[in-house]
Amino acid sequence: MKNIFLENAKPESLDSILGNTEDGRENLGNQLPVEVYRLLEYSLKIELRNRYDKETQIAIFRSAGKMAGEYFAKKYLNLNQPLDAFISQLQKTMEEFRIGVLRIEKIDEASGKIILTVAEDADCSGLPVLGETVCNYDEGFIAGIISLFMGKEYEAVEVDCWATGDRVCRFHVDPKGCQ
């Protein structure tokens with residue numbers, strides 16, 4: 001028997017995989033503690049690093065984040081509005097979903113480069129100082145959202161993180177090939 005989940009795991013097909021939490025979790029609802037989310041995330045990171053290497057684990061998390069960001073943008077955001085309205089909607093939606101508190105530090109409209117922060121990030125806020133950035137999934141998630149809105153490929157790189165001793169995650173978001 002073919003595994004449809006693995007063969008069709010693209011942003012457009014995530015609806016068919018994610019199911020309906022209202023039907024399936026009528027008593028518990030659609031929210032769970034951040035600790036449970038982090039158990040999934042960090043156990044996967046450890047397993048991927050054990051089986052492959054750090055670079056592969058990071059690439060997989062960025063790719064998965066990008067897929068999720070594209071899905072999120074298509075499903076929950078209006079991609080046909082001016083940039084300021086889009087950013088406002090993205091900030092509100094990220095807070096509603098408890099992903100984090102998004103702030104834009106700088107947008108260079110000529111180059112397309114963006115610097116943004118996410119406070120209270122579900123991936124890392126409250127982690128001990130680990131000496132490295134850890135929000136690779138978020139890098140992909142942000143890149144997926146911005147790429148769809150801007151109509152061209154973007155990359156996001158985390159430059160500051162709670163795990164590096166900062167109190168917000170800061171991302172440089174640039175058109176692909178401009179970093």
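Numbering starts at 1 and runs along the sequence shown. These numbers were taken from a predicted model, which means no experiment stands behind them.
Under a hydrophobic-cluster definition in which Ile, Leu, Val, Met, Phe, Trp and Tyr are linked whenever side-chain heavy atoms come within less than 4.5 Å, directly or via other members, L77 and L148 are assigned to the same cluster. In the hydrophobic clustering of ILVMFWY residues, with side-chain heavy atoms under 4.5 Å counting as a link, L83 and I142 come out together. Hydrophobic cluster membership is shared by V173 and I99, with clusters built from Ile, Leu, Val, Met, Phe, Trp and Tyr side chains linked at under 4.5 angstrom. No path of Ile, Leu, Val, Met, Phe, Trp and Tyr side chains, each step under 4.5 Å between heavy atoms, connects V34 with F141, placing them in separate hydrophobic clusters. By the criterion of side-chain heavy atoms lying less than 4.5 angstrom apart, applied directly or through intervening Ile, Leu, Val, Met, Phe, Trp or Tyr residues, I107 is grouped together with L102 in one hydrophobic cluster.
Within the 3.5 Å criterion, the main-chain N or O of C161 finds no donor-acceptor partner in the side chain of T133. Side chain of D166 to backbone of V168: no donor-acceptor contact under 3.5 angstrom is found. Checking side-chain atoms of S63 against main-chain N and O of A59 turns up no donor-acceptor pair under 3.5 Å.
Salt bridge absent: E155 and K66 never bring a charged side-chain N and a carboxylate O closer than 4.0 Å. Using a 4.0 Å cut-off between charged nitrogen and carboxylate oxygen, K74 and E70 do not count as a salt-bridge pair. A salt bridge links R170 and E105; the closest N-O separation between the charged side-chain nitrogens and carboxylate oxygens is under 4.0 Å. Between E132 and K54 there is a salt bridge, since at least one side-chain N of the basic residue sits less than 4.0 Å from a carboxylate O of the acidic one.
In this structure, CD in Q81 is found 5.0 Å from CD in Q89, a value given to the nearest 0.5 Å. Going from atom CG of L90 over to atom OG of S88 covers 9.5 Å, rounded to the nearest 0.5 Å. Between atom CD1 of residue I46 and atom CG of residue L44 there is a gap of 9.5 Å, rounded to the nearest 0.5 Å. Remark: I115 CD1 to I104 CD1 distance equals 10.5 Å, nearest 0.5 Å. The structure places CD of E139 at 5.0 Å from CG of N136, a figure rounded to the nearest 0.5 Å. The line from CZ of R38 to OG of S125 is 6.5 Å long, rounded to the nearest 0.5 Å.
Contact detail for F86 and N78: the closest heavy-atom pair is CD1-O, 3.5 Å. Between A68 and Y137, the shortest heavy-atom contact is CB-OH, 3.0 Å. For the pair F171 and V118, the tightest heavy-atom approach, listed with the atom from each and the gap, is CE1-CG2, 4.0 Å. In terms of heavy atoms, I114 sits closest to M150 at CD1-CE, 4.3 Å. In terms of heavy-atom proximity, L130 sits nearest to L127 at CD1-CD1, 4.4 Å. The shortest non-hydrogen separation linking C135 to C169 is SG-SG, 3.7 Å.
Within the 4.5 Å cutoff, the side chain of K113 has heavy atoms near those of the P175 side chain.
In this structure, a donor-acceptor pair under 3.5 Å is absent between the side chains of N50 and E47.
D123 pairs with exactly one of Y42, Y37, W162 by the side chain to side chain donor-acceptor pair (under 3.5 Å) rule, that one being Y37.
K45 forms a cation-pi arrangement with F61, by the criterion of a distance under 6.0 Å to the ring centre and an angle within 45° of the ring axis.
Residue R98 places its CZ atom among 12 or fewer non-hydrogen atoms of other residues, nucleotides or ligands, all under 6.0 Å distant. Counted within 6.0 Å of CD on E120, heavy atoms from surrounding residues, nucleotides or ligands total 12 or fewer; the atom is thus considered open.
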Take D138 and E158, measure what side chain to side chain contact (heavy atoms under 4.5 Å, CB included) needs, and give me the verdict at the end.
CA-CA 8 Å; D138 291 349; E158 185 180 32; over 6 Å; no

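Considering only residues two or more places apart in sequence or on other chains, Y76 meets the ring-ring contact (aromatic ring centres under 6.0 Å, His included) condition with F72, F97.
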